[in-house]
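When a ligand or atom number is given, it counts from 1 through the structure's own listing order.
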Amino acid sequence: MSPGFSHLIETIPSSGIRRFFDLVASSKDVISLGVGEPDFPTPWPAREEAISSIEQGLTSYTSNSGLIECRRAIAAYIEERFGATYGPEKEIIITNGVSEGVDITLRTLLNPGDEVIVPEPNYVCYAPLIQLAGGKVVAIDTSQTGFLPNKQAIKSAITAKTKAIILCSPNNPTGQVIPKKILKDIADLAENHDFWVIADEIYAELSYDEPFVSFAALEGTFPRTILMNGFSKAFAMTGWRLGYLCAPQEFIARALKIHQYSALCAPIMAQYAAIQALQGMKVVQDMRRSYEMRRNLFVGRLNEMGLDTAMPKGAFYCFPSIQKTGLSSEEFALKLLEKARVAVVPGSVFGLGGEGYVRCCYATHIDLLKEALTRISNFLKKR
Ligand code: PLP
């Protein structure tokens with residue numbers, strides 16, 4: 001017998017998405033609408049810049065916060081694109097993806113028993129990382145309010161122990177975008193009840209119908225906002241592991257203590273690639289247009305075949321209701337995989353309100369999307 005493990009780790013389930021995809025990996029001829037990843041490779045100029053940095057022997061650690069040139073480029077980018085202003089010297093840390101950003105943010109903020117409000121369905125890493133940081137998840141079900149958090153529901157969840165709320169907009173898995181009016185309501189609640197707002201805006205560039213409004217750009221939100229963003233999605237750089245945290249200096253100085261011991265810094269070649277990637281916004285817009293075209297086709301067809309699907313306003317996911325089939329989301333996903341060889345993610349893995357839905361990622365080649373639609377339609381007819 002081994003000497004045992006942390007009690008906390010025993011309370012954390014392994015990722016429902018990963019569990020499902022281990023199953024997919026062992027099946028043949030499957031069209032995967034599962035993993036949330038661009039189907040484009042990283043644009044060539046960013047790859048070339050990384051190659052060039054390696055050729056020049058630039059292979060060292062960087063400062064813990066990241067290369068100052070990269071932080072400057074990020075500060076200029078978020079100011080220009082989203083109107084949020086952060087100083088590159090003391091208000092930005094470059095992290096190993098937004099994933100690390102979420103982890104160190106929670107560990108920087110939470111004391112044992114502190115509560116974090118999480119509107120759900122939501123991205124799968126928040127709840128376990130809150131628990132690992134000693135906090136308590138207070139989930140709100142958004143499925144009855146268009147998959148958007150509302151003021152009343154948040155208000156009812158606030159207690160004396162509320163330390164933060166996590167917002168993910170555009171949302172994974174629903175694709176919904178929190179409108180400015182609701183963001184303002186949340187900003188007022190945060191100020192009146194004195195809690196932090198952790199804004200995961202990793203899909204900000206992938207906003208289709210209206211210009212994206214960053215929580216960090218709203219007046220008066222700066223002192224209690226932690227803005228998270230990164231290169232994985234909009235810049236098609238998932239494998240480079242690059243994200244960033246922007247927040248007041250008092251937060252950044254503390255978060256840096258965890259980052260410097262647990263990660264030291266983000267990879268230097270990825271940081272050089274990112275500086276270059278930020279010069280190439282046209283290709284980001286081209287990719288966005290391509291996702292938008294696929295969204296329109298895919299969601300339109302799902303609705304035609306009777307899987308009611310709200311039009312997602314951002315990211316590259318849609319969240320069709322499978323309630324009419326009478327199956328649970330896990331049963332539906334397993335049967336669809338087995339009978340139609342199409343992989344989707346059961347909505348139940350995304351928390352409260354996710355049951356009755358499945359997540360489909362449409363960042364998949366258009367020919368495969370069309371074939372997946374045919375297979376789903378045949379599957380529904382044969383049932
Ligand atoms: N936040 C959200 C909402 C995501 O959907 C993902 C990845 O799917 C991440 C964060 C993790 O991103 P990264 O690759 O930057 O760690």
Side-chain angles (χ1 to χ4, degrees), residues 15-18 20-21 32-42 46 66 70 74 77-78 92-106 116 118-130 142 147-149 164-178 197-207 212 214-215 226-246 259 262-263 266-267 270-271 273-274 277-278 284 291 312-319 344-345 347 349-351 354 359-364:
S15 163
I17 302 189
R18 287 288 145 204
F20 201 73
F21 279 89
S32 177
L33 309 178
V35 178
E37 178 153 57
D39 62 331
F40 296 105
T42 302
C70 190
I74 288 167
Y77 161 75
I78 52 180
I92 298 179
I93 308 179
I94 299 175
T95 54
N96 290 271
V98 171
S99 304
E100 192 216 353
V102 176
D103 185 29
I104 63 177
T105 294
L106 293 164
V116 182
V118 185
E120 289 183 347
N122 218 333
Y123 181 49
V124 292
C125 88
Y126 305 140
L129 291 179
I130 290 167
T142 63
F147 293 117
L148 294 171
I165 185 169
I166 301 191
L167 305 178
C168 174
S169 176
N171 180 269
N172 174 4
T174 67
Q176 295 310 320
V177 176
I178 306 176
V197 178
I198 303 168
D200 181 349
E201 298 186 355
I202 193 168
Y203 296 102
E205 286 288 356
L206 304 180
S207 182
F212 179 75
S214 170
F215 187 84
I226 292 137
L227 171 66
M228 302 192 293
N229 204 332
F231 292 86
S232 287
K233 312 292 177 168
F235 296 87
M237 293 178 69
T238 48
W240 301 76
R241 310 310 304 130
L242 214 64
Y244 47 92
L245 285 179
C246 307
H259 174 73
S262 64
Q271 296 187 53
L278 290 170
V284 171
Y291 299 135
K313 299 199 162 52
F316 36 51
Y317 309 105
C318 62
F319 207 51
V344 297
V345 184
V349 310
F350 300 101
R359 187 191 78 175
C360 306
C361 173
Y362 53 81
T364 302

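- No donor-acceptor pair under 3.5 Å is formed between the side chain of Glu201 and the backbone N or O of Leu227.
- When the options Ile104, Ile94, Asp103 are evaluated for a side-chain contact (heavy atoms from CB on, under 4.5 Å) with His259, the one that passes is Ile104.
- Nearest approach of Ile165 to Pro119, heavy atoms of both residues: CG1-CD, 4.3 Å.
- Ring orientation note: the planes of Tyr126 and Tyr123 are nearly perpendicular, at an angle over 60° on the 30°/60° scale.
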Close N/O pairs between ligand 1 and protein, under 3.5 Å:
{"residue": "ligand 1", "atom": "1 (N)", "partner": "Asp200", "partner atom": "OD2", "Å": "2.6"}
{"residue": "ligand 1", "atom": "5 (O)", "partner": "Asn172", "partner atom": "ND2", "Å": "2.8"}
{"residue": "ligand 1", "atom": "5 (O)", "partner": "Tyr203", "partner atom": "OH", "Å": "2.7"}
{"residue": "ligand 1", "atom": "8 (O)", "partner": "Lys233", "partner atom": "NZ", "Å": "2.6"}
{"residue": "ligand 1", "atom": "14 (O)", "partner": "Ser232", "partner atom": "OG", "Å": "2.6"}
{"residue": "ligand 1", "atom": "14 (O)", "partner": "Arg241", "partner atom": "NH1", "Å": "2.8"}
{"residue": "ligand 1", "atom": "15 (O)", "partner": "Val98", "partner atom": "N", "Å": "2.7"}
{"residue": "ligand 1", "atom": "15 (O)", "partner": "Ser232", "partner atom": "OG", "Å": "3.3"}
{"residue": "ligand 1", "atom": "16 (O)", "partner": "Val98", "partner atom": "N", "Å": "3.2"}
{"residue": "ligand 1", "atom": "16 (O)", "partner": "Ser99", "partner atom": "N", "Å": "3.0"}
{"residue": "ligand 1", "atom": "16 (O)", "partner": "Ser99", "partner atom": "OG", "Å": "2.6"}
{"residue": "ligand 1", "atom": "16 (O)", "partner": "Arg241", "partner atom": "NH2", "Å": "2.7"}

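- A side-chain donor-acceptor contact under 3.5 Å links Lys233 to the backbone of Gly36.
- Using modelled atom types, one side-chain atom of Thr95 and one backbone atom of Gly97 make a donor-acceptor pair closer than 3.5 Å.
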